[in-house]
Amino acid sequence: MSEPNATTGLILNEPLLWERGKKGRRGFSMPAGDVPRNPLPAELTGDGPDFPDLAEIEVVRHYTRLSTWNFGVDTGLYPLGSCTMKYNPKINEKLAGLRGFAAAHPLLPSALSQGALRLMFDLERFLAEITGLDAVTLQPAAGAHGELTGMLIVHAYHRSRGKQRTKILIPDTAHGTNPASAALCGYAPVPVPSGPDGVILPETVEALMDTDTAGIMITNPNTLGLFEANIREIARIVHDRGGLVYGDGANMNAVLGIVRPGEIGVDILHLNLHKTFSTPHGGGGPGAGPVAVRTDLARFLPVPRVVEKNGMYELCEDHPESVGRMMAFHGHFGILLRAYAYILSMGPDGLKAASRLAVLNANYVREKLKDVLHAAYDGPCMHECVFSDQNQKESGITTLEMAKRLIDYGYHPPTIYFPLVVHGAIMIEPTETETKEDLDQFIEAFRSVIRETTENPGALKDAPTRCKVKRLDETAAARTPCLAG
Ligand SMILES: *Cc1c(COP(=O)(O)O)cnc(C)c1O
């Protein structure tokens with residue numbers, strides 16, 4: 001390895017603003033007022049905090065330095081992938097800032113919001129086309145909220161058929177939000193163990209699916225980065241016994257333009273626009289979790305729905321079987337706008353190419369690391385590859401320590417200890433945008449960390465040592481959080 005990506009040279013110390021400044025300094029330079037000063041009466045200002053007096057440059061430097069302490073996808077490769085922060089083309093941000101959209105008021109009458117409504121109408125059509133389903137709601141605020149919407153639709157469907165069911169099948173590899181969303185709708189989650197190859201076997205579903213089970217929630221590709229190859233057979237079993245197939249589409253980044261879930265047995269699917277279709281969302285920013293359904297379930301979608309009448313777009317509440325409203329106004333419109341811009345700028349071929357590259361990059365990393373890190377499953381993966389720390393057992397080094405040491409090499413650690421079914425899991429999702437050179441440098445850094453597990457284990461025990469904040473006691477942070485700042 002020529003040079004690690006990280007350097008310690010210019011990491012500057014940064015005291016709190018309260019510890020800086022000198023009485024009488026000013027943060028602005030404006031002419032003195034030409035009217036008499038008239039301070040607020042003391043009873044209105046009270047004993048407010050004693051704000052520091054700072055010069056403009058002190059404040060500018062303070063915040064600019066703090067901003068360089070952050071690691072983001074604009075700084076370097078981020079192996080958490082689309083699930084947390086794939087690279088989002090800047091053009092989508094620019095378009096989301098267009099004044100006509102950014103300043104539109106949600107209470108404007110439809111006649112004055114034709115552009116925004118048409119964008120929503122068209123986006124619903126694009127997402128229907130991409131998912132192979134028929135009707136879409138853009139309301140849900142994120143993936144988990146999409147799941148809740150989908151489960152309400154499952155609930156409404158069974159009620160409409162005269163008999164409610166009590167359980168729902170959920171694979172053991174599922175994201176934790178799946179059982180939570182099902183439980184919120186009164187369904188008891190029934191875990192479905194995955195087979196030895198990391199995918200669900202039809203016979204397991206056959207044995208669990210009964211007429212008291214409302215359906216299955218299935219993530220495809222699943223959270224192990226594997227395609228649920230038996231999905232059609234599983235869907236047939238669930239449908240034969242009167243259940244519905246809910247697809248968790250959080251991993252659609254692997255299959256855009258390649259697999260349409262509606263064509264392989266999925267009845268309801270949520271998409272995470274903020275994962276797959278461009279929106280920065282690390283740190284809990286807003287997302288969007290549109291839900292697509294097949295035709296006969298469209299009557300249950302949330303209201304209002306965007307409809308077209310004689311070339312005009314309007315909001316329609318007239319859907320008596322709807323599960324109701326899931327969000328105020330139009331959902332997270334700014335996120336919808338980014339997804340719309342992303343889909344149009346990529347086009348069908350571009351979206352397909354992005355997924356193919358995402359899968360290629362993950363398999364490249366997998367192939368280049370599998371002689372030193374234990375690959376949890378044999379054979380090619382989809383958009384993410386899962387390893388474990390099994391090969392490092394003898395050295396006493398764990399997944400956590402390798403992940404922390406990567407920070408010293410200038411990389412954000414990948415997802416660790418998830419999915420839960422792989423002991424000591426290390427999940428790497430490079431995404432489509434990384435170049436071969438950047439992937440090679442990451443791979444080299446990781447290989448170097450693995451060499452250290454035997455040659456210099458002490459470096460891993462203390463890692464990270466080169467960065468501003470050293471190893472944190474994560475348990476203490478959770479048990480005795482310091483919220484005072
Ligand atoms: C991220 C994710 C979710 C939840 O989506 P949010 O948008 O974070 O609410 C659900 N399932 C899977 C597989 C995910 O990766």
Side-chain angles (χ1 to χ4, degrees), residues 78-86 88 127 131 137-152 168-185 189 191-192 194 198-200 216-228 231 245-256 259 261 266 268-292 326-327 331-332 334-336 338-339 355 358 362 381-386 414-422 425 427-431:
Y78 204 76
L80 294 171
S82 68
C83 198
T84 302
M85 185 64 90
K86 77 171 185 175
N88 299 291
L127 298 180
T131 56
T137 175
L138 302 174
Q139 274 188 32
H145 201 210
E147 293 167 25
L148 175 63
T149 308
M151 285 298 106
L152 287 171
I168 194 121
L169 304 183
I170 302 184
D172 57 5
T173 49
H175 196 271
T177 49
N178 286 192
S181 304
L184 273 178
C185 294
V192 184
S194 23
V199 298
I200 299 293
I216 190 166
M217 287 183 100
I218 191 160
T219 309
N220 202 10
N222 67 24
T223 61
L224 295 167
L226 302 173
F227 191 80
E228 291 287 355
I231 179 93
V245 177
Y246 181 91
D248 177 330
N251 291 337
M252 281 294 284
N253 209 45
V255 294
L256 292 177
V259 176
V266 170
I268 309 172
L269 177 103
H270 83 252
L271 295 163
N272 303 57
L273 296 189
H274 47 293
K275 292 185 179 174
T276 315
F277 297 94
S278 184
T279 283
H281 70 286
V291 173
M326 295 302 291
M327 269 292 272
H332 285 154
I335 313 303
L336 307 179
R338 286 170 175 85
S355 281
C381 58
M382 299 297 288
H383 61 309
E384 55 199 4
C385 51
V386 181
T415 302
I416 55 173
Y417 300 111
F418 182 85
L420 303 176
V421 293
V422 174
M427 183 161 84
I428 301 173
E429 184 187 348
T431 79

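Each ligand, and each atom within it, is numbered from 1 in the order the structure gives. Below, each value reflects all heavy atoms present in this structure, side chains not excepted, and no hydrogens, waters or symmetry copies.
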One line per pair, note the atom names and distance for all nitrogen or oxygen contacts under 3.5 Å between ligand 1 and the protein.
residue	atom	partner	partner atom	Å
ligand 1	5 (O)	Asn272	ND2	3.0
ligand 1	7 (O)	Gly143	N	2.7
ligand 1	7 (O)	Asn272	ND2	3.0
ligand 1	7 (O)	His274	NE2	2.7
ligand 1	9 (O)	Gly143	N	3.3
ligand 1	9 (O)	Ala144	N	2.8
ligand 1	11 (N)	Asp248	OD1	3.4
ligand 1	11 (N)	Asp248	OD2	2.6
ligand 1	15 (O)	Lys275	NZ	2.8

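- The side chain to side chain donor-acceptor pair (under 3.5 Å) test applied to Ser82 returns Glu429, not counting sequence neighbours.
- Applying the salt bridge (Lys or Arg N to Asp or Glu O under 4.0 Å) test to Lys275 and every residue at least two apart in sequence or in another chain returns nothing.
- The main-chain N or O of Ala339 is never found under 3.5 Å from a side-chain atom of Ser278 such that the two would form a donor-acceptor pair.
- Between the side chain of His332 and the main chain of Gly287, a donor-acceptor pair closer than 3.5 Å is present.
- Separation of atoms CD1 (Ile218) and CD (Glu228) is listed at 4.5 Å; rounding is to 0.5 Å.
- By the side chain to side chain donor-acceptor pair (under 3.5 Å) test, Glu147 is found to be paired with Thr177, Asn178, Ser181, residues two or more places apart in sequence or in another chain being considered.
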